[in-house]
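Just follow the structure's listing: the first ligand is 1, and inside any ligand the first atom is 1.
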Amino acid sequence: MGIPTPDKLPPGPSPESWTASFKNYSRDPLAYMPGLVRDYGDIVTMRYYNFRVYFVSHPDFIEQVLVTHNRKFMKGRILRKNRRLFGDGLLTSEGDFWLRQRRLAQPAFHRGRVASYADAMVLFADRLVGEWKDGDERDIHAEMMRLTLQIVAKTLFDADVDREARQVGHALEAIMELNSDFRKLMLTPNWLPTPRNIRAAIATRRLDKIIFRFIEERRTSGKDTGDLLSMLLAARDEDGSRMTDRQLRDEAITIFLAGHETTANALSWTWMLLSQNPVVEAKLHAELDSVLAGRTPSLDDLPNLRYTGHVITESMRLYPPAWGMARVATEDVEIGGYPIPKGCGVSLAQWVVHRDPRWFEAPEEFRPERWEGDLLKKLPRFAYFPFGGGPRQCIGNNFAVMEAGLLLAAIAQRFRIRLVEGHPVVPMPSITLRPRYGIRGRVEARVEVGVRSAVAD
Ligand code: HEM
């Protein structure tokens, strides 16, 4: 591909430092990207080999990419590198085909439908903490992954994955590891049998097997349970034809993965932040104890659990599970007053914007209180965008917010989690932002549990 060089370029590192910049970026994007904004401003450009990228960090410019000019962009190169995994599912497909599939899946995510998943969410959370004993040391991230996996499988596919949870966890680790080294990822073709590529290919085959089992079981039973899988199986084209097995697989695997990995990360980071911020934790516990008075939380409690909601919102500000998003211009377009030629990349990073002091006071501090008094309404629309925006906004937004709130309430009501000293908690920016070595935590039964059972009895 040629390298378009427009007449008017925004600032950016000098050409001599591009190679070093790319190395620094791919080595540690979380440390590197905020520096770009600080040094050069809200739109910065650089060339990586034969690819020009624009880092866009002003909320108004992000809106131009995701909303105003969304039709002039397609998904970025990293996601397209994962074609074997996601195929033509909702996350990666484009144009009319994407729109048709989105409309098809949408009913499974309508508010009323999502509300019906609440009891299952709480049930699985209760089952998980039922296994916990005071003083246990656990990999909290693995526990959150298992929990959200069970929930997405049950609610959207009416399937049990208890036996496969560990396998899915390992498969995702291999895929996320492959996607965490951008330099290697962009420079190494997928077909090259490197150890990482091989591990990721095996992982994808394992996940395929699980998804094909869901499809096969449903076909055999012939049941229409009204869930997402039934909707996909029943879907017909204008000419009356059904989705191919491949297409079913692509849609199902996309939602299966996107629907649990992100929420598990949101919760894992929340436990870390609560453990590091005991005053916030105490306030959370006080709210849970007063609103729930020992009862199991339900959907109706969520409007009254305002601080609990703010804890999740603030956690996703500091540790956005989708930490950055990428697009490629499919035609010439102007963003932030600069021409972006067809074929160039655009990078939008929640990680950077969510920590920008122009929008958030003391941005590095974990302060759920900042969300009191409708801060969201006062901010520019894209100063906080954990779920993206525009037509490609996360389809599972309501599902995730409800799930995170209910699981946090159900677990924090009974346990607090303390980080195990000496275990490194390191954010790994991959397709999502996950803790590279997991999060080791000691679970401590809360004294108030006594109160809970007294009330419950
Ligand atoms: C805290 C949890 C979650 C976060 C932070 C999150 C974040 C995101 C973001 C930022 C996007 C847009 C990506 C882009 O435009 O390039 C997205 C898309 C998507 N998400 Fe989520 N997500 C979460 C939970 C979920 C859940 C629970 C599901 C399904 C059950 C889901 C399914 C999807 C799908 C299918 C897409 C592609 C939508 C489309 O392009 O039409 N996500 N998500």
Please work out which of Q393, H260, R327 has its closest non-hydrogen atom nearest to atom 15 (O) of ligand 1.
-> R327
Cationic tip of R38 within the cone over Y32's six-membered ring, i.e. under 6.0 Å and within 45° of the normal?
-> no
Lys/Arg-Asp/Glu bridge criterion (N-O < 4.0 Å) met for K209, E216 = no
Which class fits the ring pair Y117 and F399: parallel under 30°, tilted 30 to 60°, perpendicular over 60°?
-> tilted
Approximate separation, where rounding is to 0.5 Å, of I211 CD1 and E251 CD = 11.5 Å
Is a salt bridge present between R206 and E164, judged by a nitrogen-to-oxygen distance below 4.0 Å?
-> no
Go through the steps to decide whether R306 and E372 satisfy the test salt bridge (charged side-chain N to carboxylate O under 4.0 Å, His left out), and finish with yes or no.
-> CA-CA 9 Å; R306 290 181 66 82; E372 283 161 12; over 6 Å; no
For L156, counting its heavy atoms only, list the atoms of ligand 1 lying under 4.0 Å from any of them.
-> 30 (C)
Nearest heavy atom to atom 10 (C) of ligand 1: which of G76, A326, P386 does it belong to?
-> P386
Sidechain N-carboxylate O distance under 4.0 Å for R213, E217 = yes
M325 contact mode with ligand 1 (heavy-atom cut-off under 4.0 Å) = side chain
Looking only at N/O atoms, are K75 and ligand 1 under 3.5 Å apart anywhere?
-> yes
For atom 40 (O) of ligand 1, closest protein heavy-atom neighbour = R392 NE, 2.7 Å
Nitrogen or oxygen atoms of T263 and ligand 1 under 3.5 Å apart | no
Between D250 and R246, is there a side-chain N and carboxylate O pair less than 4.0 Å apart?
-> yes
Atom indices of ligand 1, in the order listed, that fall short of 4.0 Å to a heavy atom of F399 = 27 (C)
Electrostatic pair R317-E314, nearest N-O below 4.0 angstrom | yes
Near atom 21 (Fe) of ligand 1, protein N/O/S count under 2.8 Å comes to 1
Distance filter under 4.0 Å to M316 heavy atoms, resulting ligand 1 atoms | 1 (C)
Write out the residue and atom name of the closest protein heavy atom to atom 38 (C) of ligand 1, then the distance separating them to 0.1 Å.
-> R102 NH1, 3.4 Å
Lys/Arg N to Asp/Glu carboxylate O, E143 vs R138, below 4.0 Å | yes
Ranking F256, W98, F109, F86 by closest non-hydrogen atom to atom 30 (C) of ligand 1, top hit is F109
Determine whether the aromatic ring centres of F61 and Y54 lie less than 6.0 Å apart.
-> no
